[in-house]
Structure formats: structure tokens, C-alpha cells
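In what follows, a single structure is set out as C-alpha cells and then discussed.
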Amino acid sequence: MKKFIKVLAVGTLALTLAACNSSATPKKDTTKTSDLTLEQVYDKAVERQTNIKSASATMDMTQATKVGAGEEAMEFSSSTKMDMDFIVDPLEMHLSGTMTMPNMLGEGGETTDLPMEMYMKQGTGFFMKDTASDSWLKLPDDNFDEILEQTASSADAKEQLEQLKSFIDDFSFEQTDDEYVLTLDAEGDKFKALIDEEIEKSMQGMELGENPLDGLTIDQINYVLYIDKDTFDTNKMDMNFDLKMNVEGNEMVMNTKSVITYTEFDHLKTIDIPQEVIDNAQTIE
């Protein structure tokens, strides 16, 4: 999963190579313009991203799903609001929020709110709250080590840049008074080839057989990144995905929209897991 996220995040930035000799087009009412080129903004943003030690962010995500067709089709939607704190090295993370899902047993569009909370800390483990029993669960150490290895591993940036050159024609570059705005509208097939390659790497040695996403079709991907003109922090990332998947003979169509807003950088020294969570968590068999 970490590799997948990194490919998308670094990959989107990599697309700035598209017009390396052009400055950003000012949006309406922009009075403070910058002459930096796409390549210059890209280099500074990646350098800043590499040096970030910690961050806090909020995530708002909505997902609309349709399964089947005609009168038997089922449609439902869900939404997730999440607060995130993370430290890069050594890896520490805390996530808390709520997922709102349709109540399949109810009528009239009833929904259910499911609270979520997780801790992940190198040397301590991965903990997840079970809201049904109001108790904490811990992932077995062996499984955690595998997740940690994938999460902490670094992909070859030069290799990723070479792979992402095919997206050059799909990228645009604008600016406001305070931010550079990087927008990608890409057909899904090219992006899926890259995702498949990363998943294949992560599956090596896991004996899972076929790629679990072989039945996935990515119709459209849209990214908008907002990069601070002064600090080159990535302030916000908007992501929209239109996906199709065959599930037991039925076509499932998903439209996912998410907004990640970074609120603070380099302000965390540690993320403490409450001792009562560590002491009382039941290890998942």
C-alpha cells in the first residue's frame, strides 16, 4: 500500500517535467506571479517532501458505488473523515475518524456512523480499535514486520520518473498568489500499468498467485496538487478516481473523491500510544 501511495504522490509531482521551460499560468485575480518553471517547482517540492520529518493532515473521502445493472442494480455511498498524525523515521502513526455507511437493514436512506482509530509504531506494533466490543486489537508481530518493511521501504525515484514520462501530455501548471496548482487528467490504462508493476513487486515472495487487481479497470484519474509558493509544502491534494471491477459476474462501478489537507509540518517529536491500549489489546489470531 505504501508503494502504491508513493507512486501516486511522487508520480503526480513527476509529471511537472511536461513543460520544464514554461512558468505557471496565472489564474484569475492572481497579482503575485512567479517565473519558476515546472521543473524548478518539481525539484523544490520533491526536495521538501524528502526532508519532511512529521506532518498532520485531514482527509475527507466520499465513495459512490453501483453494483449490477437494470432493475437489480444496487447503489450506495459512504464517506470517511479522518485526522492523521505521522512521523517518518522511525515510523509512528495515529489515525482517528468516522466512516458513514448505509444501513443495509434500515429503510429510507438510513446510515450508520462507524468510529475508527489506529496506532502504528515501530518497535511497539499496530493497534486498531474494535468499536463493536469497545476494545483494542493488535496485529501479530510477524504481520506487522511485513507491513512495516513495505511502509518504510523506498522506491527508486529515478526509475519512477522514467516510468511516468508517458503522462507528460496530460499535465497542466497554474498559479495563484500563494500556490502552484498542478493538475493531472489521465486516462486510466496508463496509470494502471504503473500500479500493476508496483503491486507485482510488492507481491514477490508472497505466493498470492494472480494479481488481485487483474479485473480492475481505471476509467479516469484526476489529481490536483496545491504547492505553497514560499515553502514548497504540498498543502492539499484532491484526487478523483472512476473505477470498474468485475465481482462474481457483476460489474461494480466506483467513483471515489478524496481531499487531503496538510495542516502542520515538522511539529511532532513522538506519537505516544496510551499504555492502557498496549496492556489490554488482544492479539489477532
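For reference, positions follow the sequence shown, starting with 1.
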Checklist outcome for this item: To the nearest 0.5 Å, atom NZ of K121 lies from atom CD of E92 at 4.0 Å

Next on the checklist: If hydrophobic clusters are built from ILVMFWY residues whose side chains come within less than 4.5 Å, do I273 and L91 share one?
Outcome noted: no

Checklist entry - Can K244 and E251 be said to form a side chain to side chain contact (heavy atoms under 4.5 Å, CB included), step by step? => result CA-CA 7 Å; K244 291 180 182 178; E251 183 181 69; 3.7 Å; yes

Item to check | Evaluation steps, side chain to side chain contact (heavy atoms under 4.5 Å, CB included), between I87 and D89 | outcome: CA-CA 6 Å; I87 296 174; D89 188 21; over 6 Å; no

Checklist entry - Just how far is it from atom CG of D60 to atom OG1 of T58, taken to the nearest 0.5 Å? => result 6.0 Å

Item to check | Aromatic plane relationship, W136 with Y119 - under 30° parallel, 30 to 60° tilted, over 60° perpendicular | outcome: tilted

Checklist entry - At what distance, to the nearest 0.5 angstrom, does CG of N235 lie from CD1 of I260? => result 13.0 Å

Checklist outcome for this item: In T98, T100, T131, the residue satisfying side chain to side chain donor-acceptor pair (under 3.5 Å) with D113 is T100

Item to check | Any L268 side-chain heavy atom under 4.5 Å of S56 side chain | outcome: yes

Checklist entry - So, D134 side chain and D130 main chain: donor-acceptor pair closer than 3.5 Å or not? => result no

Next on the checklist: If hydrophobic clusters are built by linking Ile, Leu, Val, Met, Phe, Trp and Tyr wherever their side-chain heavy atoms come under 4.5 Å apart, do M84 and I271 end up in the same one?
Outcome noted: no

Checklist entry - Is there a chain of hydrophobic side chains (I, L, V, M, F, W, Y, each step under 4.5 Å between heavy atoms) that links I52 to F232? => result yes

Next on the checklist: Return the CG to CG distance between N222 and N240, rounded to the nearest 0.5 Å.
Outcome noted: 5.0 Å

Item to check | Modelled atom types, side-chain donor and acceptor of N280 and E276, under 3.5 Å | outcome: no

Checklist entry - So which heavy atom on F127 is nearest to which on I278, and how close? => result CE2-CA, 4.1 Å

Item to check | Salt-bridge contact D228-R48 (side-chain N to carboxylate O under 4.0 Å) | outcome: no

Next on the checklist: Working to the nearest 0.5 angstrom, can you tell me the gap between L95 CG and D83 CG?
Outcome noted: 9.0 Å

Next on the checklist: Using a 6.0 Å cut-off, check whether atom CE of M252 has over 12 heavy atoms from anything other than its own residue.
Outcome noted: yes

Checklist entry - When rounded to the nearest 0.5 angstrom, what distance separates CE in M101 from CD in E110? => result 15.0 Å

Item to check | T234 (side chain) donor-acceptor with K236 (main chain) under 3.5 angstrom | outcome: no

Next on the checklist: Measuring only between side-chain heavy atoms, which start at C-beta, is V41 closer than 4.5 Å to F173?
Outcome noted: yes

Item to check | Which residues share a side chain to side chain contact (heavy atoms under 4.5 Å, CB included) with M116, sequence neighbours left out | outcome: T80, M82, M99

Item to check | Linked, directly or transitively: L139 and M120 (ILVMFWY side chains, under 4.5 Å) | outcome: yes

Checklist entry - Quick one: are M118 and K129 in side-chain contact, heavy atoms under 4.5 Å? => result no

Checklist entry - So do the side chains of D238 and Y226 get within less than 4.5 Å of each other, counting heavy atoms only? => result yes

Next on the checklist: When you compare the side chain of L243 with that of V253, does any pair of heavy atoms fall below 4.5 Å?
Outcome noted: no

Item to check | Any side-chain donor near an acceptor of the partner, S34 and Y180, under 3.5 Å | outcome: yes

Item to check | Pair N255-Q63, side-chain donor/acceptor within less than 3.5 Å | outcome: no

Next on the checklist: Using every non-hydrogen atom in the two residues, find where K138 and G125 come nearest and quote the distance to one decimal.
Outcome noted: CE-CA, 4.4 Å

Item to check | Heavy-atom closest pair, residues A55 and H267 | outcome: C-CE1, 3.8 Å

Next on the checklist: Checking side chain to side chain contact (heavy atoms under 4.5 Å, CB included) between P26 and each of D177, T31, T176, T33, which is the one that passes?
Outcome noted: T33

Checklist entry - Any donor-acceptor pair under 3.5 Å linking the side chain of D266 with the backbone of S54? => result yes

Item to check | Cluster check V259, V224: I/L/V/M/F/W/Y, side chain < 4.5 angstrom | outcome: no

Checklist entry - Side chains of P140 and I284: closer than 4.5 Å at any heavy-atom pair? => result yes

Item to check | Counterpart residues, side-chain hydrogen bond (donor to acceptor under 3.5 Å, both in side chains), relative to K229 (two or more places apart) | outcome: Q175

